[in-house]
Colleague: 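I have a structure I would like to understand better, so I am pasting it below and will then ask my questions one at a time.
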There are 2 protein chains.
Amino acid sequence: MVSIKDIAKHAGVSIATVSYALNGNPKVTEETRKKILTVAQELHYVPNAAARTLKKRKTKILGAFLTSFEGAFYGELLQGMKEEMGKRGYDLVICSGTQSHRMLREGFLDGAIILDRLFSDEELLFHATRGHKLVVLDRELSHPNIVQVLLDNKAGATFAVEYLLRHGHKKLYVVTGPTGSYDAEQRLQAARQTVERNGPLWYAEIPGNFDKESGAAAAQRIISEYSGPVAVFCLNDEMVIGMYRALKDTPYRIGEHIHVVGFDHIETADYIQPRLASIDYSKRRWGAVAAEQLLKLIEGLGSEHERIYVSLVEGESVKRS
Amino acid sequence: MVSIKDIAKHAGVSIATVSYALNGNPKVTEETRKKILTVAQELHYVPNAAARTLKKRKTKILGAFLTSFEGAFYGELLQGMKEEMGKRGYDLVICSGTQSHRMLREGFLDGAIILDRLFSDEELLFHATRGHKLVVLDRELSHPNIVQVLLDNKAGATFAVEYLLRHGHKKLYVVTGPTGSYDAEQRLQAARQTVERNGPLWYAEIPGNFDKESGAAAAQRIISEYSGPVAVFCLNDEMVIGMYRALKDTPYRIGEHIHVVGFDHIETADYIQPRLASIDYSKRRWGAVAAEQLLKLIEGLGSEHERIYVSLVEGESVKRS
DNA sequence: TTGTATGCGTTATCAT
DNA sequence: ATGATAACGCATACAA
């Protein structure tokens, strides 16, 4: 391995001068700087991240933690983060699984964006207390080193339920999300409120898990007790996909017997038949805003909690009852 | 920051003893080991990755480089890698963009899996020569520190074309992939061979880019010159999705006027109507095999190039002509 | 079994 | 403008 020491030797200068030259410190003459750069090139010098980090206590790498890599959900979100961070000279790495929490602990990362149930609030607070900068996308958590960038779940759920009611439906199912999920809880709570506010109507909740399987199971249950057109609010789109599949080989039709609206407006929602009505928001923007806040936090500028607004996208999965 | 030095002081031992105790070195008494561990706990000691890495020249972190985070394609692949690596005590991070190549260069990573056109062959050879261990998923490249884990593209493309011909089609389009893509080139080459081998038939190629837009454009071209049922082999599924969308508001029907088979068998392919015929392979297995080979390479065990086999999944997107 | 001492490659302070 | 040198936190060869 070739180090600045080798460069110093070959160039006939001290390692300090080499370091200065390599880092563009103006204290060194243009002439010697050039020579040093040339030598570095010739020797194929590559800086050593570990040494630099040990000294500077900064890696210029940020992490995004996801519960899982699966789900067509994350692409745009991550792209939004990456672009924003790249502009500012930071690199982004995506991590998943409790095992990899050590990267945050041990200082591989200057900060992280969390969208990952596998982190407990306690653990995040612990990291924050140790000086790590965090942006949380999936919970409310208060600490000077933590900023929240949350979806406006309540607005979305309200839009969804009102949309169904507006189409004259009087019988409503909500397919819920995993217990402990902040987004799921917020959505459910707002859905219940909207139902209450809109007078007497038949209402039931089916436990879901945000995955296709639970969506399919919900569909089974719905058709098993079917006695006339129903409306369904699935707390995310993924479950709706499962529902479509489960209904495929039955006589029940989406948009006719079962009217459904989802949440997230994932890409697939535009391709399934009939097109799915869903709550939409810019995933890219969500990622970009999160990244921006994290950078502000790290660079000591003022950072604030942010909210990502949502809107309803209509679809043929909902018709008049 | 609390270091082993602090622990040593509090426990009344030397830093060497602390280091031994922390690393489970049997040279230290169970008694002192316990005391040291207790003190470490009390002080909330967290090891410093940079220091450890500087000394050991290993991070126990592996990278997967992707051209982009977008596309519903990667979830399972990455999950396969993560599981395999996790078992062996390695962490996985996902990286994208040339900017982040420095992580490989500067020693943040012990090795990497490459599925990323943004790496040139030269760059990869450079890294390999510097001692980095690599697994490539998207090219043929020979070096003692590089192993290939490639899809059997040729078999897949052959299956696809034969499937179309078997259904009596005499007019065939191939929608190609981006120039320079190994997978695209392999598939195209095999498709051409299969066409030649199967006697005279009308054949044309439409340049594609592996994204939805180019699929939609291809659909436009096909209907603009439509004069009777045609068969289409899209070199990946993503383009087929674009094709479905473009055809949606036209009188032309998939599986009736336009018979199409894709490649990759992405999840969406099972949900679009009619269900897409496509070339399938286990993405999870691809990831797991790649991870396994990378680990063998790193641990100096013998590693070999591997091939991932593919199969045809039928669908209603292809019917008899 | 435990302690001492050295070095990993870099940055940065202080001399010169 | 350049050089000598002391950290940074840890692992480990060697001494005790």
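Everything quoted here is computed from the prediction, not taken from an experiment. Every chain is numbered from 1 and lettered A, B, ... according to where its sequence line falls, protein lines coming before strand lines.
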Colleague: Show me the pairs that pass side-chain hydrogen bond (donor to acceptor under 3.5 Å, both in side chains) and involve residues 91-100 of chain A, at least two apart or across chains.
Modeller: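 Pairs touching residues 91-100 of chain A that pass the test: A:Asp91-B:Arg102, A:Ser96-B:Lys82.
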
Colleague: Return each pair, listed once, that meets side-chain hydrogen bond (donor to acceptor under 3.5 Å, both in side chains) where at least one residue sits in residues 288-298 of chain B; pairs must be two or more places apart or across chains.
Modeller: B:Gln293-B:Glu306

Colleague: Can you tell me if CD on A:Glu299 sees more than 12 non-hydrogen neighbours from other groups inside 6.0 Å?
Modeller: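 Yes.
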
Colleague: Would you call A:Glu30-A:Arg33 a salt bridge at under 4.0 Å N-O?
Modeller: yes

Colleague: Which part of the nucleic acid does B:Thr53 contact within heavy-atom distance under 4.0 Å: base, sugar-phosphate only, or nothing?
Modeller: nothing

Colleague: So, using ring-ring contact (aromatic ring centres under 6.0 Å, His included) as the criterion, who are the partners of B:His101 when residues are at least two apart?
Modeller: B:Phe65, B:Phe119

Colleague: Would you call B:Lys133 and B:Asp110 a salt bridge, using N to O less than 4.0 angstrom?
Modeller: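 B:Asp110 and B:Lys133: not salt-bridged.
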
Colleague: Salt-bridged, A:Arg284 to B:Glu70, with N to O below 4.0 Å?
Modeller: yes

Colleague: Need two values: the first and the last nucleotide of DNA chain C, 5' to 3', having an atom under 4.0 Å from any heavy-atom of chain B.
Modeller: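 Reading along DNA chain C, I get C:dT1 to C:dG9.
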
Colleague: At 10 degrees resolution, what angle do the end axes of the helix from C:dT1-D:dA16 to C:dT16-D:dA1 form when each is taken over five base pairs?
Modeller: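 If I round to tens, the end axes sit 40° apart.
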
Colleague: Are any of the side-chain nitrogens in A:Lys87 or A:Glu84 under 4.0 Å away from the carboxylate oxygens of its partner?
Modeller: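 Yes.
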
Colleague: Can you find a side-chain donor-acceptor pair between B:Tyr281 and B:Asp264 that sits under 3.5 Å?
Modeller: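 B:Tyr281 vs B:Asp264: donor-acceptor pair found between side chains.
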
Colleague: What string of B, S and - do you get for nucleotides 10-16 of chain D, 5' to 3', if B is base contact, S is sugar-phosphate-only contact and - is no contact with any protein heavy atom under 4.0 Å?
Modeller: BBBBB--

